[in-house]
Trainee: 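I have a structure here, written as structure tokens, and I will follow up with some questions on it.
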Amino acid sequence: MAGHGGDVIAELTADHREIDELFEQINPGSQERKRLLDQLTIELVRHSVAEEEYLYPAVREHLENGDALADKELADHARVEQLLKDLQNTKADDLEFTELLVNLKTEVFAHVRDEEDHLFVQLRDGCHPFVLESLGQKVRHAKKTAPTRPHPSAPDSQPANKLLAPGLGLVDRARDFVTGRGQ
């Protein structure tokens, strides 16, 4: 998931469409389920980390009831990250894999709908376009250095997440390179 350009809402919405496409490719019986899941995991983790580093702090700062909104989104991320971790440890031909994948898809789609139908609308109304454009640039940069594997116990709020994410990302990308994951 490369940077798409535009403000933070355009950037994250484009990510959502790419994630939708990856879910569509992970069909039962597909020989490439595990490889496609690895690609989906990489994209979801990068996207989530970027949101946690920049989007949700902006939600807290700029929106009425922003703390509650951000906390709800972070709880969604925690559930998704745990499902990704569970899937990572499950064989693609196990029945549990399919069950976990269905749960993941349900969680992600509900989260995306909520963001696009509610949170992004509030951001568009509550933030100056310059702020949204600046956040888009920050999110694109964060995705480049973000981890590529789920780390459910890693901090998801500032300042710890901004300090640890690039290091975790470096280690993950090195592991990916050595193992050929995501290639």
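Computed over heavy atoms, backbone and side chain alike; hydrogens, waters and symmetry mates excluded. Residue indices begin at 1 and follow the sequence shown. As the structure is a computational prediction, the values presented were derived from the model and not from experiment.
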Trainee: Is the shortest heavy-atom distance from the side chain of L36 to the side chain of F23 under 4.5 Å?
Mentor: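 L36 vs F23: side chains apart.
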Trainee: Looking at every heavy atom in both E52 and P57, which two are closest together, and how far apart are they?
Mentor: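 Taking E52 first and P57 second, the nearest heavy atoms are O-CD, 3.4 Å.
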Trainee: Once you round to the nearest 0.5 Å, how far does OG1 of T41 lie from CG of L84?
Mentor: 4.5 Å
Trainee: For R33 and I26, indicate whether the former's side chain and the latter's backbone hold a donor-acceptor pair under 3.5 Å.
Mentor: no
Trainee: Look up atom CG in L83 and atom NZ in K105, then write down how far apart they are to the nearest 0.5 Å.
Mentor: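 That separation rounds to 14.5 Å.
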Trainee: State plainly whether the residues D76 and K72 are in salt-bridge range, i.e. N to O under 4.0 Å.
Mentor: yes
Trainee: Measuring from L101:CG to E96:CD, what's the distance to the nearest 0.5 Å?
Mentor: 12.0 Å
Trainee: Heavy-atom count check: over 12 atoms from other residues, nucleotides or ligands less than 6.0 Å from H118 NE2?
Mentor: yes
Trainee: Between D125 and Q122, is any pair of side-chain heavy atoms under 4.5 Å apart?
Mentor: no
Trainee: Are a donor atom and an acceptor atom from the side chains of N103 and E99 found within less than 3.5 Å of each other?
Mentor: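 The criterion, which ignores hydrogens and geometry beyond distance, is not satisfied for E99 and N103.
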Trainee: Determine yes or no for a side-chain-to-main-chain donor-acceptor pair under 3.5 angstrom, with S134 supplying the side chain and F130 the backbone.
Mentor: no
Trainee: For D20, give me all partners under side chain to side chain contact (heavy atoms under 4.5 Å, CB included), at least two apart in sequence or on another chain.
Mentor: R17, F109
Trainee: Can you tell me if K138 uses its side chain to pair, donor with acceptor, with the backbone of V8 under 3.5 Å?
Mentor: no
Trainee: Shortest non-hydrogen contact from A146 to R46?
Mentor: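 Shortest heavy-atom contact: CB-CA, 3.9 Å.
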Trainee: For the residue pair H47 and H16, is the inter-centroid distance of their aromatic rings smaller than 6.0 Å?
Mentor: yes
Trainee: How long is the gap from CG on L55 to CG on L119, to the nearest 0.5 Å?
Mentor: 5.5 Å
Trainee: Taking all non-hydrogen atoms of both residues into account, name the closest pair between E64 and L69 and its distance.
Mentor: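 Looks like O-CD1, 4.0 Å.
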Trainee: In plain terms, say whether E11 and K143 are close enough for a salt bridge, that is, a side-chain N and a carboxylate O under 4.0 Å apart.
Mentor: yes
Trainee: Mind checking the CG-NZ spacing from N89 to K91? Nearest 0.5 Å is all I need.
Mentor: 12.0 Å
Trainee: Charged N to carboxylate O below 4.0 Å: is that the case for D7 and R124?
Mentor: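 Counted as a salt bridge, because a side-chain N and a carboxylate O are separated by less than 4.0 Å.
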Trainee: Mind listing the closest non-hydrogen atom pair of F97 and L37 along with its distance?
Mentor: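 That closest heavy-atom pairing would be CE1-CD2, 3.5 Å.
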Trainee: Would you indicate whether Q88, at its atom CD, is surrounded by more than 12 heavy atoms from other residues, nucleotides or ligands within a distance under 6.0 Å?
Mentor: yes
Trainee: Answer yes if the side chains of E115 and H111 hold a donor-acceptor pair under 3.5 Å, and no otherwise.
Mentor: yes
Trainee: So do V45 and V49 actually touch side chain to side chain, heavy atoms under 4.5 Å?
Mentor: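 In short, these two side chains touch, coming nearer than 4.5 Å.
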Trainee: Begin from the C-alpha positions of L22 and Q39 and carry the test side-chain contact (heavy atoms from CB on, under 4.5 Å) through to its verdict.
Mentor: CA-CA 8 Å; L22 284 167; Q39 190 61 43; 4.1 Å; yes
Trainee: Could you check if a side-chain atom of V59 sits within less than 4.5 angstrom of a side-chain atom of E73, using non-hydrogen atoms only?
Mentor: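 A side-chain contact under 4.5 Å is absent here.
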Trainee: Looking just at side-chain N and O atoms, do E21 and Q25 make a donor-acceptor pair shorter than 3.5 Å?
Mentor: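 There is no such pair (donor and acceptor under 3.5 Å, judged by atom type) between the side chains of E21 and Q25.
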Trainee: Can you name the residues that form a side chain to side chain donor-acceptor pair (under 3.5 Å) with E107, not counting sequence neighbours?
Mentor: R79
Trainee: To the nearest 0.5 Å, tell me how far F120 CZ sits from L132 CG.
Mentor: 10.5 Å
Trainee: Walk me through it: do R60 and D71 pass the test salt bridge (charged side-chain N to carboxylate O under 4.0 Å, His left out)?
Mentor: CA-CA 9 Å; R60 290 182 192 284; D71 289 345; 2.6 Å; yes
